[in-house]
Amino acid sequence: MKVLMVCLGNICRSPMADGLLRKKVREAGLNIEVDSAGTSDFHVGEAPDHRMRATAKQLGTPIDTLRARQFKQSDFSEFDLIYVMDSSNYNNVVQLARNDSDKAKVKLILEELQPGSAMEVPDPYFGGEQGFIDVYNMLDAATDVIMQKIQHG
Ligand code: 4NP
């Protein structure tokens with residue numbers, strides 16, 4: 001099982017989702033690979049945003065070692081589940097899908113918390129510190145549900 005988290009820059013939301021799920025998978029002793037990517041190439045090779053890293057560390061899930069990369073079409077072959085943060089990410093990823101099976105792998109991550117809600121993880125990049133705390137808490141809750149699903153179907 002392989003899970004990919006996707007946002008725009010791969011420096012705020014998706015590395016946080018990646019770090020949280022990685023930690024939970026490791027603590028549960030499961031053999032699940034977790035990665036993240038951005039739909040853009042704006043920040044390729046960079047560490048996560050310093051504000052996201054600070055919040056991540058404060059709240060107990062450091063993500064300092066992650067590095068940004070761009071989403072690519074072959075990720076559809078590599079990963080079983082592709083979680084996107086917002087509808088813009090959804091459209092960008094689905095545009096690269098080769099078939100319905102690729103497309104079916106792509107889900108809004110907050111749909112795991114509230115199915116059918118089309119809720120989005122807001123982009124914290126241009127806002128203040130509270131935005132990063134909110135992102136952490138939303139993704140902490142969503143990755144708890146993902147863990148439950150993985151472990152108990
Ligand atoms: P992310 O946030 O998609 O959560 O990583 C952003 C990071 C960078 C930019 C936008 C969003 N940017 O425009 O550079």
Side-chain angles (χ1 to χ4, degrees), residues 2-26 32-98 102-147 149-150:
K2 293 189 180 188
V3 182
L4 184 66
M5 304 295 190
V6 177
C7 63
L8 174 60
N10 193 207
I11 55 168
C12 299
R13 294 165 293 174
S14 63
M16 194 64 257
D18 179 348
L20 282 160
L21 189 60
R22 253 183 226 217
K23 183 179 78 169
K24 291 171 192 188
V25 159
R26 189 178 58 240
I32 291 164
E33 196 174 304
V34 185
D35 195 13
S36 61
T39 57
S40 79
D41 64 1
F42 302 156
H43 297 279
V44 168
E46 294 179 21
D49 184 278
H50 65 96
R51 298 162 295 174
M52 194 73 257
R53 277 190 280 140
T55 299
K57 200 170 286 178
Q58 258 162 29
L59 299 182
T61 314
I63 53 171
D64 298 322
T65 60
L66 299 180
R67 292 296 177 268
R69 73 169 178 90
Q70 189 172 21
F71 180 82
K72 50 185 192 286
Q73 198 171 46
S74 60
D75 286 323
F76 284 115
S77 308
E78 193 76 16
F79 292 90
D80 304 291
L81 279 170
I82 299 172
Y83 284 113
V84 293
M85 303 296 133
D86 64 31
S87 59
S88 163
N89 308 150
Y90 182 87
N91 292 331
N92 288 328
V93 168
V94 160
Q95 259 170 25
L96 293 172
R98 298 159 299 189
D102 283 357
K103 210 169 163 176
K105 295 180 176 185
V106 189
K107 293 180 187 169
L108 279 168
I109 192 166
L110 294 187
E111 289 271 339
E112 294 290 16
L113 280 179
Q114 277 192 274
S117 66
M119 277 200 316
E120 303 184 314
V121 183
D123 186 344
Y125 191 68
F126 297 104
E129 190 195 353
Q130 188 60 44
F132 290 87
I133 297 169
D134 292 344
V135 163
Y136 183 101
N137 287 327
M138 284 179 213
L139 293 174
D140 194 21
T143 51
D144 274 349
V145 176
I146 292 169
M147 281 298 290
K149 279 194 162 184
I150 288 171

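All figures in this text were calculated on a predicted structure; none of them were measured in a lab. When a ligand or atom number is given, it counts from 1 through the structure's own listing order.
- Atom 1 (P) of ligand 1 has as its closest protein heavy atom Cys7 SG, 3.5 Å.
- Taking every heavy atom of both residues into account, Pro48 and Pro15 meet most closely at CG-CB, 4.0 Å.
- Applying the 4.0 Å criterion to heavy atoms of Gly9 picks out, from ligand 1, the atoms 1 (P), 3 (O), 5 (O).
- In this structure, atom 9 (C) of ligand 1 lies nearest to the protein heavy atom Tyr125 CD2, 3.7 Å.
- Two residues are said to be in side-chain contact when any heavy atoms from C-beta on lie closer than 4.5 Å; Gln95 and Thr39 fail this criterion.
- Note: Leu66 CG to Ile11 CD1 = 12.5 Å, rounded to the nearest 0.5 Å.
- Looking at Asp49 against ligand 1, nothing comes within 4.0 Å, counting heavy atoms.
- Cation-pi check for Arg13 over Tyr125 is not met; the charged atom does not lie both under 6.0 angstrom from the ring centroid and within 45 degrees of its normal.
- Of all heavy-atom pairs between Ala56 and Ile63, the closest is CB-CG1, 3.8 Å.
- Among all protein heavy atoms, the one lying closest to atom 11 (C) of ligand 1 is Asp123 OD2, 3.0 Å.
- The distance from ligand 1 to the heavy atoms of Leu8 drops below 4.0 Å at these ligand atoms: 3 (O), 10 (C), 11 (C).
- Looking only at protein heavy atoms, the nearest one to atom 4 (O) of ligand 1 is Arg13 NE, 2.8 Å.
- Residue contacts with ligand 1 for Ile11 involve both N, CA, C or O and side-chain atoms from C-beta outward (heavy atoms, distance under 4.0 Å).
- Using a 4.0 angstrom heavy-atom cutoff, His43 counts as in contact with ligand 1.
- Summarising the geometry of Ala118 relative to Glu111, their closest heavy-atom pair is N-OE2, 2.6 Å, with the distance given to 0.1 Å.
- Among the atoms of Cys12, some N or O lies under 3.5 angstrom from an N or O of ligand 1.
- For the side chain to side chain donor-acceptor pair (under 3.5 Å) criterion with Thr143, the lone passing option out of Lys23, Arg22, Lys24 is Lys24.
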